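The model shown is predicted, which means the values in this text are computed figures rather than measured ones. Only heavy atoms go into these numbers, but all of them, side chains included; no hydrogens, no water, no symmetry mates.
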Amino acid sequence: TGSTRPERILAAVQRKATKGDARSVVNTIDQYCRYQEWAMNVGDEKGAILDSIVCEVKPSVMLELGTYCGYSTVRIASMLPPNARLLTLEFNPAYAAVARQVIAWAGVEDKVVLIEGPSGDWIPKMKEEFGVTSFDLVFLDHWKDRYLPDTKLMEECGLLRTGSILLADNVICPGTPEYLEYVRGSPRYESKYFRSHLEYTRVEDGLEKSVFLG
Ligand SMILES: O=c1[nH]cnc2c(O)c(F)c(-c3ccc(F)cc3)cc12
Ligand SMILES: [Mg+2]
């Protein structure tokens with residue numbers, strides 16, 4: 001049986017990236033996915049927008065929905081101060097196994113809590129299991145059909161406070177129409193679209209930043 005794409009990404013990281021150097025891990029994955037084989041990392045172009053928002057928000061507690069190989073996990077964690085925490089949720093155990101090793105190689109494991117399982121099950125347990133009061137910033141990058149239900153679930157579970165920010169990937173490609181309609185139409189959110197491109201391609205995609213108004 002051959003390797004999987006995530007395993008080949010991990011092999012590239014362990015072969016080419018400097019251990020303990022998060023930026024080197026990010027650059028290695030971008031190189032691999034641009035020139036060897038495409039993969040669904042947020043990528044360098046949208047990643048720069050993600051960086052600017054993480055820098056602006058300076059979150060103490062952040063949630064990432066959808067870890068995949070850990071590319072954005074490492075990108076975000078490398079920008080967080082030591083006492084900040086990034087909780088990242090991954091449904092697929094094979095992806096989570098690779099992500100743990102990518103996160104370790106980058107040396108950011110102290111700032112990251114990787115949780116395996118369905119977001120719908122874990123979001124209601126965030127307070128009791130992880131001592132979360134509310135999230136300062138949430139990066140939605142999992143399954144497009146879960147963006148809206150998980151957002152409503154976070155509202156219902158009191159995990160969003162006035163000023164909490166949602167940043168959603170892939171709002172154009174593959175597209176999250178119901179989520180966009182909700183955050184753009186709701187008086188409880190102030191939304192803004194950051195136009196970009198689908199990772200490693202010239203296809204349009206973008207990030208939607210939505211501030212929860214309470
Ligand atoms: O399922 C996804 N979860 C999270 N992020 C994704 C992404 O950034 C993609 F580009 C894509 C994608 C996959 C195939 C395409 F042809 C286009 C986009 C999918 C996801
Ligand atoms: Mg994505």
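Put simply, the side chain of Ile165 does not reach to within 4.5 Å of the side chain of Val138, judged on heavy atoms. Counting only heavy atoms from C-beta outward, the side chains of Arg5 and Trp38 approach each other to under 4.5 Å. Contact of the Leu63 side chain with the Phe139 side chain is not registered, since no non-hydrogen atoms from C-beta on lie closer than 4.5 Å. Leu10 has its side chain out of reach of Glu7: every pair of non-hydrogen atoms, C-beta onward, lies at least 4.5 Å apart. Considering only heavy atoms from C-beta on, Ile29 comes within 4.5 Å of Val102 through its side chain. Side-chain contact check for Arg146 versus Leu65: every heavy-atom pair is 4.5 Å or farther apart. Side-chain contact between Glu116 and Phe91 is absent, with no heavy-atom pair separated by less than 4.5 Å. Side-chain atoms of Lys125 and Phe130, non-hydrogen and from C-beta on, never get closer than 4.5 Å to each other.
Rounding to the nearest 0.5 angstrom, the gap separating the CE atom in Met126 from the CG atom in Leu153 is 10.0 Å. Put simply, OG on Ser210 and CZ on Arg184 are 8.0 Å apart, with the number rounded to the nearest 0.5 Å. If you take CG on Leu80 and CG on Asp110, they are separated by 12.5 Å, rounding to the nearest 0.5 Å. With rounding to the nearest 0.5 Å, the separation of CE in Met154 from OG in Ser164 is 9.0 Å. Tyr189 contributes atom OH, which lies 5.0 Å from atom CG of Leu166 (distance to the nearest 0.5 angstrom). Interatomic distance, Arg8 CZ to Cys69 SG, rounded to the nearest 0.5 Å: 10.5 Å.
In this structure, Tyr179 and Tyr147 have perpendicular ring planes: the angle between them is above 60°, well past the 30° mark.
In plain terms, the two heavy atoms of Val57 and Asp136 that are nearest each other are CG1-O, 4.0 Å. Taking each heavy atom of Leu160 and Phe212 in turn, the nearest pair found is CB-CD2, 3.6 Å. Between Tyr32 and Ala12, the shortest heavy-atom distance links the atoms CD1-CB, 3.9 Å. Considering every non-hydrogen atom in both Glu90 and Ala96, the closest pair reads CG-N, 3.9 Å. Scanning all heavy atoms of the two residues, the minimum distance from Val61 to Ser134 falls at CB-O, 4.0 Å. Contact record, Leu207 with Leu167: CB-CD1, 3.9 Å, taken as the closest heavy-atom pair.
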>> Apply side-chain contact (heavy atoms from CB on, under 4.5 Å) to residues Leu213 and Thr162 and explain how you reach the verdict.
In response: CA-CA 5 Å; Leu213 304 173; Thr162 299; 5.7 Å; no
>> Is there a salt bridge (Lys or Arg N to Asp or Glu O under 4.0 Å) between Arg100 and Glu109? Walk through the geometry before answering.
In response: CA-CA 8 Å; Arg100 286 189 198 289; Glu109 62 272 32; over 6 Å; no
>> The test is side-chain contact (heavy atoms from CB on, under 4.5 Å); show your working for Met62 and Arg85 and say whether it passes.
In response: CA-CA 6 Å; Met62 181 168 176; Arg85 278 295 162 276; over 6 Å; no
> For Asp141 and Asn170, what are the C-alpha separation, side-chain angles and deciding distance, and is it a side-chain contact (heavy atoms from CB on, under 4.5 Å)?
Replying inline: CA-CA 7 Å; Asp141 191 26; Asn170 309 116; 3.2 Å; yes
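For the residue pair Asp30 and Tyr71, a side-chain donor N or O sits within less than 3.5 Å of a side-chain acceptor on the partner. Side-chain atoms of Glu64 and Ser72 form a donor-acceptor pair, as typed in the model, at a separation below 3.5 Å. At a cut-off of 3.5 Å, with distance as the only test, a side-chain donor of Thr67 or Thr88 sits close to an acceptor on the other residue.
No more than 12 heavy-atom neighbours from other residues, nucleotides or ligands sit within 6.0 angstrom of CD on Glu190.
With respect to the salt-bridge test (charged N to carboxylate O, under 4.0 angstrom), the residues Glu208 and Lys192 do not qualify.
Pairs passing the side chain to side chain donor-acceptor pair (under 3.5 Å) check and including a residue from residues 39-61, sequence neighbours excluded, read Arg34-Asp44, Asn41-Tyr200, Glu45-Ser196, Glu45-His197, Lys46-Asp169, Lys46-Glu199, Lys46-Asp205, Asp51-Arg75, Glu56-Lys209.
With Ser78 contributing its side chain and Ala22 its backbone, the two residues share no donor-acceptor pair below 3.5 Å. No side-chain donor-acceptor contact under 3.5 Å links Lys16 to the backbone of Thr28. Between the side chain of Trp122 and the backbone N or O of Leu89 there is no donor-acceptor pair closer than 3.5 Å.
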